[in-house]
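Comments concern the structure below.
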Amino acid sequence: MASKKFDLIPLPFETSSLKIWLSGLAKRKPNGDVVMRIAFVHDWPQDPGLAAGLQERLKEKQIIVPLPGKIRLIAGADTSYRRPLQSGVTALAVAAIVVLSFPELQVVEVVCRATAAPFPYVPGLLTFREGPALVKAFEELTHIPDVVLFDGQGLAHPKGMGIAAHMGILIDLPTIGCAKSRLCGVHDPVPTTKGSSVCLRHGQEVIGAVVRTRTGVKPVYVSPGHRSDIEGSVALTLELCRRFRLPEPIRLAHHAAGRFCPKPDEMA
DNA sequence: GCGACAG
DNA sequence: ATCTTGTCGC
């Protein structure tokens, strides 16, 4: 459940179960709880070829547009792994989603869920390893964020369908990809001062930006996922980097996923 | 054929 | 990502 490092606060404004229920992005669980609804549901292929094919079909649904003008809730999502209790068994993926108020950045909600992760890590197919756990976590979220940040690429992916883009289409919300290293694309050297950024290109197309979030510290790779654009993604990412290299939502999600201890009965 | 390669 | 303690530096 919630990581005890955080103090969950009540929202200082109107965002309730009623609101998400009316938005159409919610569903009611058997136990009565109103939580987020996954807008696009699909099976998780175990075959790399089918996975790549699915990315191409999802690409047609991707929309690159400016972020919403009013942002009150921002979420960060991250996944950690835990070695199986017995060797030779499938690894466990632990997904965490932390919702923060914006611009205060107070923790509003934390959800952690674990699932088996049979799909191996393959560059370009990261979503098929982390996606199942992330979807399970999103289905328990009781607050609908205005934008979600992921620890990986969005548009800056060989097929333009990095984990931020893929998940954005599944939850039908604005998303941003913020990766710690490069997957593809080329770029000029990034000025060493905080706030500097250069374009990340793939051929003649600009697919994202390399952003210096801390002076003298390795830059991060930012690219829009779904319903967001490059400029807005870079600007918001910088606003979310208060004292560290990574934006606060992702840092907190990373921490939450790492310390979560799943009980035997709460994994798929 | 030889590298590169999110987490 | 994960296996892992201490340690160098701002």
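Hydrogens, waters and symmetry mates play no part in the numbers below; they use all other heavy atoms, side chains included. Residue numbers start from 1 in every chain, and the chains themselves are labelled A, B, ... in the order their sequence lines are given, proteins ahead of strands.
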Is there a side-chain contact between A:Lys180 and the phosphate of B:dA6, meaning an N or O under 4.0 Å from OP1 or OP2? no
Whole Å only: how far is the CZ atom of A:Phe244 from the C1' atom of C:dC10? 14 Å
Side chains of A:Val198 and A:Pro191, heavy atoms from C-beta outward: is any pair under 4.5 Å? yes
A:Ile163 CD1 to C:dA1 P: how many Å, rounded? 13 Å
Just call it for A:Tyr121: base, sugar-phosphate, or nothing, with non-hydrogen atoms closer than 4.0 Å on any strand. base
So what does A:Gly124 hit on the nucleic acid, given a heavy-atom distance under 4.0 Å: a base, only sugar-phosphate, or nothing? base
State plainly whether the residues A:Arg227 and A:Asp172 are in salt-bridge range, i.e. N to O under 4.0 Å. yes
With a non-hydrogen cut-off below 4.0 angstrom, is A:Leu134 in contact with a base, only sugar-phosphate, or nothing? nothing
Out of B:dG7, B:dC5, C:dA1, which nucleotide sits closest to the side chain of A:Pro123? B:dC5
Might you confirm whether atom CG of A:Asp43 has over 12 heavy atoms from other residues, nucleotides or ligands at distances under 6.0 Å? no
Take the protein atom OH of A:Tyr81 and the nucleotide atom C1' of C:dA1, then report the distance between them rounded to whole Å. 6 Å
Any side-chain N or O of A:Arg182 below 4.0 angstrom from OP1/OP2 of B:dC5? yes
For the pair made of NE2 in A:His187 and C1' in B:dA4, what is the distance, rounded to whole Å? 14 Å
Between A:Trp44 and A:His166, what is the ring plane arrangement, given parallel below 30°, perpendicular above 60°, and tilted in between? parallel
Check every strand shown and say whether A:His254 touches a base, only sugar-phosphate, or nothing at a heavy-atom separation below 4.0 Å. sugar-phosphate
Calculate the interatomic distance between A:Phe128 atom CZ and B:dG7 atom C1'; express it in whole Å. 15 Å
Check the distance between B:dG7's C1' and A:Leu126's CG and give it to me in whole angstrom. 5 Å
State whether A:Ser181 places a side-chain N or O below 4.0 Å from either non-bridging phosphate oxygen (OP1 or OP2) of B:dG7. yes
Distance check needed: C:dT2 P versus A:Arg82 CZ, whole Å only. 10 Å
Under a 4.0 Å N-O cut-off, is there an ion pair linking A:Glu56 with A:Lys59? no
For a quick check of understanding: with a heavy-atom distance under 4.0 Å over all strands, which category does A:Glu130 fall into, base, sugar-phosphate or nothing? sugar-phosphate
When rounded to whole Å, the NE2 to P distance for the pair A:His202 and B:dC5 reads 14 Å
